[in-house]
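What you see is a predicted model; the values in this text were computed from it and never measured. A, B, ... follow the sequence lines: proteins, then strands. Residue 1 opens every chain.
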Amino acid sequence: MPELPEVESVVQAMNGAGVAGSRIESVQVFWPRSVGGDTRWFERAVTGQRIVGVSRRGKFIRLDLSRGAVLVHLRMSGMISVAPCGPPPRLHDRAILTLEPSRELRFHDPRKFGRMLYYEDPEERLGQLGPEPLDEGWGPVVLQQILGNRKRMIKPLLLDQERVAGLGNIYADEALWLAQVHPERRAGDLSPEVVARLAVALREVLLQGIRNGGTRLGSGMGNFGGLDLNPANQHALRVFRRAGLPCPRCGTTLERLIVGGRSSHVCPRCQRLR
DNA sequence: CGTCGAGCCTGAAGGC
DNA sequence: TGCCTTCAGGCTCGAC
């Protein structure tokens, strides 16, 4: 579930729930690796601190504290909820931050891939991320600079967070289809017109995802625990997980292939390799 | 620099 | 119905 639009939706919901401004009264950790492995250290670092701001960078949720910050990465199955205190921990709850005034922020993550890490200086991690398609300065020039004359395939490059931040498998496939670019095209081989098209497409699919409150696939996040999330972008997807169905643009049967080890969805007619 | 496979984990879905 | 295999929205590491 978690790519840029999903994370953005969670952050907006957290701000709607008034997380910023509250104080972390206590911490419970049920799976130490979720907080970096050293539960005591994490507890000592965040307990008593005030959450002064909640924002997003790439796929990270950033909780700025009076001193330092907590970066949450949902990875494959992470979820955040904010709700009244009280209910016992649920199966797969990995950590609970009890907030003042009385509420609790839960980090729920069945697959245990997600992380909630404290940094004295979050830029140490966030500084490694590339620009985002929703940045002010984003456009063909920035994208072309990223592509350079690289021989790497375009899709793995788009998924590389140090090059472009925020994209995952869903939105990469959607943008490549929109721009009519085959995922295996060499990044540096794209013509200026195609680069311009792709720069716009990346922005559009992400904005649409945010407008729709994110994408829910399978039994992913719903309105989990008081965040009032209601993802609807799954209905707007045009190629992702739609192999065998007709291309919305030309009617050709969509195909699924593996690119850089990830499943990819393309229209063989709209997205040619050569 | 780039690609590949394995590992981290669990649950859902599909085949038989 | 039930067991078994395969697969998944992410990312990191080591080998080549």
**Q.** Per A:R262 side chain, nearest of listed nucleotides B:dC9, B:dT3, C:dG10
**A.** C:dG10
Q: For A:K155 and B:dG2, give me the distance from atom NZ to atom C1', rounded to whole Å.
A: 17 Å
Q) Would A:K59 and A:E6 pass as an ion pair if we require N to O under 4.0 Å? A) no
**Q.** Side-chain ion pair, A:D38 and A:R40, N-O less than 4.0 Å
**A.** no
Q | Presence of salt bridge, A:E123 and A:R62, under 4.0 angstrom | A | yes
Q) Looking at A:I96, A:L97, A:V35, A:T39, which one forms a side chain to side chain contact (heavy atoms under 4.5 Å, CB included) with A:V27? A) A:L97
Q | Sugar-phosphate, base or nothing in reach of A:G261, heavy atoms under 4.0 Å | A | nothing
Q) Within the pair A:K59 and C:dG10, is there a side-chain N or O less than 4.0 Å away from OP1 or OP2? A) yes
**Q.** Among C:dG9, B:dT10, C:dC11, the nucleotide that comes nearest once only the side chain of A:L217 is considered
**A.** C:dG9
Q) Taking the side chain of A:R186 as heavy atoms from C-beta outward, which of B:dT3, B:dC9, C:dG9 is closest to it? A) B:dT3
(Q) In whole Å, measure the gap between the P atoms of C:dG9 and B:dG14 for me. (A) 15 Å
Q: Would you mind reading off the distance between A:R111 atom CZ and B:dC9 atom C1', rounded to a whole angstrom?
A: 6 Å
Q | Interatomic distance at P, B:dC9 relative to C:dC4, whole Å | A | 23 Å
Q. Which dot-bracket string describes DNA chain C (Watson-Crick N1-N3 plus N6-O4 or O6-N4, or G-U N1-O2 and O6-N3, all under 3.5 Å; [ ] crossing; | other strand)?
A. .|||||||.|||||||
Q: Write down the distance separating the P atoms in C:dT6 and B:dG5, rounded off to the nearest Å.
A: 16 Å
Q. Heavy atoms under 4.0 Å, any strand shown: does A:R125 hit a base, just sugar-phosphate, or nothing?
A. sugar-phosphate
Q: Rounded off to whole Å, could you give me the CG-to-P distance for the A:N169 and C:dA8 pair?
A: 9 Å
Q) Which whole-number value in Å describes the distance from A:D160 CG to B:dC1 P? A) 11 Å
(Q) So, OP1 or OP2 of B:dG11: does either fall under 4.0 Å of a side-chain N or O from A:H92? (A) yes
Q | A:H265 NE2 to C:dC7 C1', straight-line distance once rounded to whole Å | A | 12 Å
Q.
Rounded at 0.5 Å granularity, tell me how far CZ in A:R50 sits from CG in A:D64.
A. 14.0 Å
Q) B:dC1 phosphate, OP1 or OP2: any side-chain N/O from A:R152 under 4.0 angstrom? A) no
Q | Minimum-distance nucleotide (side-chain atoms of A:R256 versus C:dA8, B:dT10, B:dC9) | A | C:dA8
Q. Quick one: does A:I170's side chain get under 4.5 Å of A:N233's, heavy atoms only?
A. no
Q: Using a strict 4.0 Å threshold on nitrogen-to-oxygen distance, state whether A:K155 and A:D173 make a salt bridge.
A: yes
Q: Look at A:S263 and C:dA8 and indicate whether a side-chain polar atom (N or O) is within less than 4.0 Å of OP1 or OP2.
A: yes
Q) Above 12 or not: heavy atoms from other molecules or residues under 6.0 Å from CZ of A:R249? A) yes
Q | Whole-Å distance separating the CG atom of A:L129 from the P atom of C:dC11 | A | 9 Å
Q: Spell out, as yes or no, whether a donor-acceptor pair under 3.5 Å connects the side chain of A:E174 to the backbone of A:F240.
A: yes
(Q) Can you measure A:E162 atom CD to C:dG10 atom C1' for me and round it to whole angstrom units? (A) 14 Å
Q) Over how many whole Å does the gap from A:I258 atom CD1 to C:dT6 atom P extend? A) 14 Å
Q: Can you figure out which of B:dG2, C:dG9, B:dC8 approaches the side chain of A:R150 most closely?
A: B:dG2
Q: Please determine if a side-chain N or O atom of A:H73 lies less than 4.0 Å away from the OP1 or OP2 oxygen of C:dG10.
A: no
Q: State whether the aromatic ring of A:F113 stacks on the base of C:dC11, taking stacking to mean ring centres under 5.5 Å apart and ring planes under 30° to each other.
A: no
Q.
With a cut-off of less than 4.0 Å, is there a side-chain N or O of A:Q161 near OP1 or OP2 of C:dG10?
A. no
